[in-house]
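Not measured: the values here are computed from a predicted model. Residue numbers count from 1 along this sequence. Numbering of ligands and ligand atoms starts at 1, following listing order.
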Amino acid sequence: MRRTTARSGPKASAVDAAYEECRSLVRRTRPTEHALMDLMPPSVRPACWAMYAAFAHADDLLDFSDETPQERGNQLREWRAALEADLASGTSDDPIRLALTDAVRRWGLDLGDLLGALDAVQQDDGREGVATWQEWRERAHAQNVSWPEQLMRILARCGMPVPVRLRDLPGFTRFVEGLFLTDMLRDLPEDLDGGHVWLPTEVLERFDVTPADLIARRWTPAVRELITHLAGEARAWLDAARRALRSTLPLGPAIVLDTTVDLFGAELDAIVRAGGDALSRPVRVPRHKQWRILGPSRARAAVVWRLTLPPETVAADKPSAVDIPEDTPEWQPVPVADPPLPPRPHRDGVRPPEIAAALLPHHVAIVMDGNGRWATALGLPRDEGHRAGAVALRDVVQGALEIGLQHLTVYAFSTENWKRSPDEVAKLFAIMRAELLDGELLQHDVRLRWVGSPDGLPEDVVEVLRRQEHATRHRTGLTLNVCVNYGGRAELARAGASLARASLAGEIDPGRVSEQLFASHLPHHAMPDVDLMWRTSGELRVSNFLPWHAHYAELYFTDEPWPEVDRRGLWEAIEAYTHRKRRKGASTAPVVQARHDEL
Ligand code: IPE
Ligand code: IPE
Ligand code: MG
């Protein structure tokens with residue numbers, strides 16, 4: 001852990017160990033929250049673990065120890081009193097209290113507010129349950145508003161213009177309620193083990209369910225309806241809160257908000273899907289789903305913090321691997337969804353332009369250029385650009401599916417790109433491999449094809465390309481050709497060699513080599529001609545990309561670097577294409593007839 005200030009008081013190593021203990025407690029008992037905390041800037045994370053661990057510990061003292069309810073209440077009261085003494089003295093012999101004491105001092109947290117929230121947890125001691133939604137809401141706010149506000153305070157101390165009094169923002173209390181209800185549904189098995197039902201009596205009565213039904217884990221139709229209703233409520237609250245809050249937050253916190261809503265939404269799905277099991281065992285979101293949500297957010301958040309916060313705040317003390325499954329031994333490919341999922345909507349809800357299928361280009365090719373310059377201009381290493389570029393591609397593919405494109409070919413690594421530093425090349429392949437293994441794109445109706453040569457490629461990249469090609473071979477939606485280690489001239493030379501061999505074997509007559517015959521010897525002879533070739537980042541050249549297939553492509557150049565592109569860029573390119581007049585050598589022609597004049 002990075003320490004920047006010299007301090008008196010407890011030894012730095014003891015404080016570090018205390019934070020680490022908080023981290024492992026949160027990770028063990030609240031893996032989702034732990035993963036969300038990893039979206040925060042690295043220097044802020046220890047304070048998150050400390051605050052959260054304190055609340056989790058207080059909660060667990062009331063819920064789980066073997067003592068009588070009265071003794072449990074006393075334990076929490078003693079712990080709370082000890083915390084206050086520790087905060088005054090600046091040190092502690094208890095790791096959670098030591099970490100929290102350090103966080104409070106380091107970041108100037110509002111002690112009164114934090115202790116007030118702990119007192120609200122304490123009030124659960126001896127409480128029988130909650131009668132009305134109103135009471136439930138008050139409990140939710142009292143226990144849960146304080147610590148996200150303290151988090152904002154920390155970001156503000158880092159120099160970020162964030163609203164500190166979150167409770168004044170429209171939508172924030174709804175957000176807290178959505179989280180609290182999800183958490184409650186998730187913790188049902190444990191609460192029921194302890195004989196607690198924290199859902200409002202008024203909702204139980206409405207669905208004709210008694211606390212005894214729940215405690216006895218009776219999965220009656222009424223209980224099922226109740227759980228489904230509550231999951232729907234939690235989801236609706238979270239969605240509404242996201243809509244209200246998003247525009248009030250800077251980009252970094254907005255990413256955390258979005259990811260939280262998505263992850264909690266996935267948990268709600270999992271709870272509903274688990275049926276009666278949700279009453280008796282903790283429900284987990286499958287890891288690949290978590291990773292699909294967290295992976296892109298991690299990349300985005302890392303970039304955004306670097307852009308918006310001082311370097312010492314974001315300097316990572318660990319490599320930025322996505323930290324979800326503690327025990328995942330190696331990257332595992334995510335199985336492709338069957339049937340494929342519909343395209344993921346754009347985060348702002350934008351929809352594709354309506355273009356008649358006959359006017360759409362059949363095949364779009366993209367030179368995804370400008371990753372490196374984008375990153376460099378922002379003071380980031382080049383690989384951050386490639387990482388952000390992968391995120392851009394994900395969105396563009398969703399847009400291709402939405403608009404109904406048949407073929408999309410993207411230039412991911414050229415045979416000329418070997419001239420780059422070994423470090424950049426290695427990172428590029430690592431990013432590519434992770435993208436392919438994660439398989440977000442492959443959950444949709446995408447058939448992946450690899451275009452290029454295996455010569456010189458790392459074996460694991462070749463393996464994953466081949467594996468994912470195979471796994472998606474039956475898909476009929478979008479064919480996504482990924483050009484990795486691709487060179488246009490090399491492709492032509494290979495076709496020439498193949499023709500020469502066929503000629504030597506007496507299979508063809510060299511005097512009759514037609515365009516069609518030549519094309520049939522290309523490594524990817526089934527690939528249709530490119531209608532539209534788009535290059536980003538202001539470069540006006542084709543860089544050895546698809547010389548055969550793009551012979552009559554409409555060229556389209558835009559200035560923005562690839563990481564700034566999303567699906568709207570693809571739609572604009574396609575719209576521009578529909579206004580082109582494709583004459584193909586003739587003297588006049590009607591407006592573009594993309595598909596038909598190819599057939
Ligand atoms: C395109 O971005 C991605 C690859 C070539 C792999 P660049 O890395 O070429 O970015 P610039 O052109 O240097 O900005
Ligand atoms: C083309 O971009 C290759 C890819 C996008 C993979 P480059 O950045 O390598 O092209 P040049 O060198 O600028 O022409
Ligand atoms: Mg380039």
Side-chain angles (χ1 to χ4, degrees), residues 296 299 302-303 306-307 363-397 400 407-436 441 448-458 461-462 464-465 480-492 523-524 527 530 532-550 553 555-566 569-570 573:
V303 171
R306 282 203 177 95
L307 298 183
H363 185 181
V364 175
I366 311 180
V367 183
M368 309 182 289
D369 198 13
N371 293 351
R373 274 165 289 158
W374 176 84
T376 309
L378 298 169
L380 301 172
R382 286 178 65 85
D383 58 291
E384 286 293 359
H386 298 313
R387 206 162 280 128
V391 175
L393 177 60
R394 286 181 175 211
D395 201 72
V396 166
V397 169
H407 294 265
L408 179 66
T409 300
V410 293
Y411 211 176
F413 189 85
S414 75
T415 43
E416 288 71 32
N417 288 146
W418 290 108
K419 294 176 197 156
R420 300 186 177 202
S421 76
D423 181 57
E424 178 175 349
V425 170
K427 283 184 173 142
L428 246 166
F429 286 135
I431 292 165
M432 212 178 278
R433 182 164 176 268
E435 280 297 303
L436 287 162
L441 296 176
L448 183 91
R449 303 293 309 274
W450 165 35
V451 180
S453 155
D455 295 345
L457 282 182
V461 171
V462 173
V464 70
L465 282 164
L480 175 65
N481 300 301
V482 187
C483 297
V484 181
N485 203 19
Y486 172 86
R489 281 195 167 183
E491 185 182 48
L492 297 181
H524 296 275
M527 189 153 96
V530 174
L532 171 64
M533 185 189 280
W534 170 25
R535 182 169 189 155
T536 58
S537 88
E539 302 296 351
L540 307 179
R541 55 181 175 271
V542 289
S543 300
N544 201 15
F545 192 36
L546 304 172
W548 182 269
H549 303 89
L555 302 179
Y556 179 79
F557 297 101
T558 52
D559 285 334
E560 77 285 20
W562 178 250
E564 285 177 11
V565 165
D566 75 3
L570 174 72

Within the heavy-atom cut-off of under 4.0 Å, ligand 2 is lined by V367, M368, D369, Y411, A412, F413, N417, R420, R535, R541, S543
Quick one: do the E491 and H524 side chains pair a donor with an acceptor below 3.5 Å? no
Does the plane of the ring in H407 sit parallel, tilted or perpendicular to the ring in H363? Use 30° and 60° as the thresholds. tilted
Listed partners of D423 passing side chain to side chain contact (heavy atoms under 4.5 Å, CB included), at least two apart: S421, K427
As a quick check of understanding, evaluate side-chain contact (heavy atoms from CB on, under 4.5 Å) for D566 and V396, giving each step before the final call. CA-CA 5 Å; D566 75 3; V396 166; 5.5 Å; no
Would you say the side-chain atoms of Y486 pair up with the backbone N or O of L546, donor to acceptor, closer than 3.5 Å? yes
side-chain hydrogen bond (donor to acceptor under 3.5 Å, both in side chains) involving E564 - partner list, sequence neighbours excluded: W374
Check: R541 main-chain N/O paired with R535 side-chain donor or acceptor under 3.5 Å: yes
Examine F429 together with W418 and report whether their ring centres are nearer than 6.0 Å. yes
With 2.8 Å as the limit, jot down which protein N, O or S atoms are around the Mg ion (ligand 3). D369 OD1
Whether the W562 and S537 side chains hold a donor-acceptor pair (N or O, under 3.5 Å, no angle test) is what I'd like checked. no
